[in-house]
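Every chain is numbered from 1 and lettered A, B, ... according to where its sequence line falls, protein lines coming before strand lines. Since we're looking at a predicted model, the values are computed, not measured. Quick note: numbers below take in every heavy atom, side chains included, and nothing from hydrogens, waters or symmetry partners.
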Amino acid sequence: MPRLAVEQVTKTFGVNGACLRAVDGVSFEIEAGEFVSIIGHSGSGKTTLLSILGGLSRPSSGRVLFDGLDVYGLDGDALSEYRCEKIGFVFQFASLLPALTAMENLLLPGGFRPARPPAGEAAEKALELLGLMGLRDKADVLPSRLSGGQQRRIAIARAFMNDPSLILADEPTGDLDEETEAEVMGVFRAMNERSGATFLMVTHNTELARQAGRRMKMHRGAMLEL
Amino acid sequence: MPKEFTLLSHALRNLGRRPTRAAILVLAIGLLVAVLVFGLSFVRRVDSSIRATSERLGADLLVVPTGSRGAAEDVLLEHRVKTFYMDRSIVERVRRTPGVARVTSQTYLATIGGACCDVPDTIVVAFDQESDFVVRPWLEKKIGRKLGKGEAVVGSESAFNIRLGLTEVDGVLFGNLFHIVGVLEKTGTGLDTAIFIDEGNIEDIIRNGKVSLRPGSVSVVFAKVEEGRDPARVAAAIEDTIIETDTVARRDIGKNVAHALGDISRMFLATFAVASLLAAFLAWAVFSGVANERAREIGLMRAMGAKESHVTRLFLLEVLLIGAAGSAVGMLAGTALSFLLASGFTILKNVSTDLGVVERLGIGAAGLLAGTGVCLFGALAPLRRTRSTEPLVVLKGD
């Protein structure tokens with residue numbers, strides 16, 4: 001059974017009275033542990049597709065199966081639990097909560113779990129992840145005092161806090177310089193090998209997409225295998 | 001370094017991001033609650049005093065000379081020094097009125113400091129110890145015997161007690177030497193400032209010529225009605241048969257003050273309503289700003305697995321923290337105001353008893369509920385908007 005199966009997923013939006021198909025009958029499968037990239041121009045529907053896969057936006061039609069479970073057959077709270085337990089998001093913008101320190105940002109997702117991990121255990125894991133990102137000494141620092149690259153690495157660490165099976169990364173290096181971009185990709189590959197989590201990364205950067213084990217392309221809402 | 005991160009810590013951190021904005025809302029809620037606490041304390045203090053006075057007099061009816069009802073209430077409720085007299089024969093006529101079970105009388109004399117007496121202006125109450133049922137319960141409790149000639153007991157707040165704080169001292173009243181044999185407990189009535197002597201002393205006082213009182217006069221007749229009788233009907237019967245008197249039923253004592261109190265209550269209520277509207281509007285404006293500012297954060301939290309209930313609880317916690325902080329400030333300010341301004345309001349100075357701890361706690365709880373409730377009411381619309389935040393829209397930045 002594939003980790004993720006996408007069956008004829010379509011998402012339409014009404015724009016000025018017209019119907020816009022952001023995702024148009026997309027189907028594909030991803031096996032557990034795969035590192036997949038989806039490349040496409042801005043507006044090709046990549047982020048919308050990622051939101052659908054992550055349980056953030058209900059498709060207009062079609063199904064998303066996670067380990068055989070129909071994600072959109074779940075009700076509101078169960079869908080939140082799906083996101084909390086199974087999915088780790090890495091967004092295209094600096095996504096740390098500004099009022100919280102690096103450590104608190106990492107502890108935040110644990111608080112949403114139905115069965116909260118023991119306090120000491122969560123803190124230990126957060127410190128371990130910060131150590132992996134080389135930011136253990138920044139645990140008590142607010143995001144405003146961190147560089148863009150440091151913020152991005154903390155956001156990646158946070159995505160792993162609940163041991164997700166699927167990491168969805170949306171333009172994870174969009175606003176980073178080449179050196180930091182390479183650093184982030186290195187972290188991704190290391191985490192993919194270390195945790196065995198499945199990675200799905202969308203990007204418009206062809207070079208970045210090539211580093212994935214498998215590549216797909218989105219064009220005007222439709223999916224092409226490369 | 002935190003080991004656990006709770007919603008409460010998160011809410012506190014969020015409030016700390018804009019301390020000035022939070023402080024302004026806390027202040028607005030505080031002002032609202034202060035108005036409520038001060039208003040309630042004011043009204044309750046006066047109302048308690050009126051009720052206490054009517055209950056502690058132990059009489060169902062007060063019979064006073066025609067036109068002296070206000071003066072009698074001034075003496076009984078407001079510690080004021082006033083005298084009024086009627087013929088002693090009225091005591092007997094009241095006793096004979098159908099429905100009256102017991103009567104007793106009191107005669108009020110006004111001292112003039114430095115002229116006749118050792119004390120500044122105060123009321124001296126001469127009462128009939130044989131028939132008395134007004135002072136006796138307090139007297140028996142304190143000295144356990146009747147007063148002899150030349151003996152006096154003083155109210156807990158009388159000039160004698162305040163000045164000397166001791167019993168077994170002598171003082172001159174209307175040219176007669178009196179021995180102070182006791183201090184009565186606080187009754188919460190206007191009689192707390194009075195000096196009590198036996199009626200038998202009046203002859204000597206008149207003889208000394210220091211008071212303009214005709215022999216055979218009394219100021220007030222207290223009456224108890226027979227069981228099952230309606231005091232209002234008996235009062236009407238007395239007024240019908242003894243036209244030179246006004247009769248006040250116990251429940252009507254302080255009616256004029258109560259009417260004034262009703263007006264004051266309505267004024268406080270109107271002020272509180274306006275302050276509530278303003279505070280609710282401010283809460284709406286502040287939390288609307290919060291909801292707009294944090295839309296992306298809320299989307300992020302939803303993406304991380306936060307349920308709608310997590311977002312609601314976090315927002316509610318912030319609202320309740322501000323409401324509770326404002327209410328606490330208001331409770332302290334309102335209570336402090338009620339003490340500080342007590343001497344500035346004649347009605348509080350003259351007609352009021354201190355509130356008990358339970359009553360003060362009750363008023364505090366009402367303030368807490370009102371302050372938090374108004375804050376919550378103002379935040380309802382922004383809260384609803386926050387709950388319906390669509391994560392995808394937020395994440396795409398549309």
Are there over 12 heavy-atom neighbours, none belonging to [X], within less than 6.0 Å of that residue's [atom1]?
| X | atom1 | answer |
| --- | --- | --- |
| B:Arg385 | CZ | yes |
| B:Phe377 | CZ | no |
| B:Glu293 | CD | yes |
| A:Lys86 | NZ | no |

message = Once rounded to the nearest 0.5 Å, what's the spacing between atom CZ of B:Arg17 and atom CG of A:Leu100?
response =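 Going from CZ on B:Arg17 over to CG on A:Leu100, the span is 8.0 Å.
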
request  = Under 4.5 Å, counting heavy-atom pairs only, tell me which of A:Ser80, A:Ser95, A:Gly110 racks up the most with chain B.
outcome  =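 Heavy-atom pairs under 4.5 Å are most numerous for A:Ser80.
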
Pick from A:Arg158, A:Glu85, A:Arg113, A:Met161 with the largest number of heavy-atom pairs that fall under 4.5 Å of chain B =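 Of A:Arg158, A:Glu85, A:Arg113, A:Met161, A:Arg158 has the most heavy-atom pairs under 4.5 Å with chain B.
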
Do [X] and [Y] have side-chain heavy atoms sitting under 4.5 Å apart?
| X | Y | value |
| --- | --- | --- |
| B:His10 | A:Glu104 | no |
| B:Met304 | A:Asn162 | no |
| A:Leu97 | B:Met301 | yes |

query = Is it true that a side-chain atom of B:Arg302 and a backbone atom of A:Leu56 form a donor plus acceptor pair closer than 3.5 Å?
reply =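 A pair under 3.5 Å: no.
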
task = Identify the heavy atoms of B:Gly305 and A:Phe112 that sit nearest to each other, and give their distance.
result =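 Here B:Gly305 and A:Phe112 meet closest at O-CB, 3.7 Å.
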
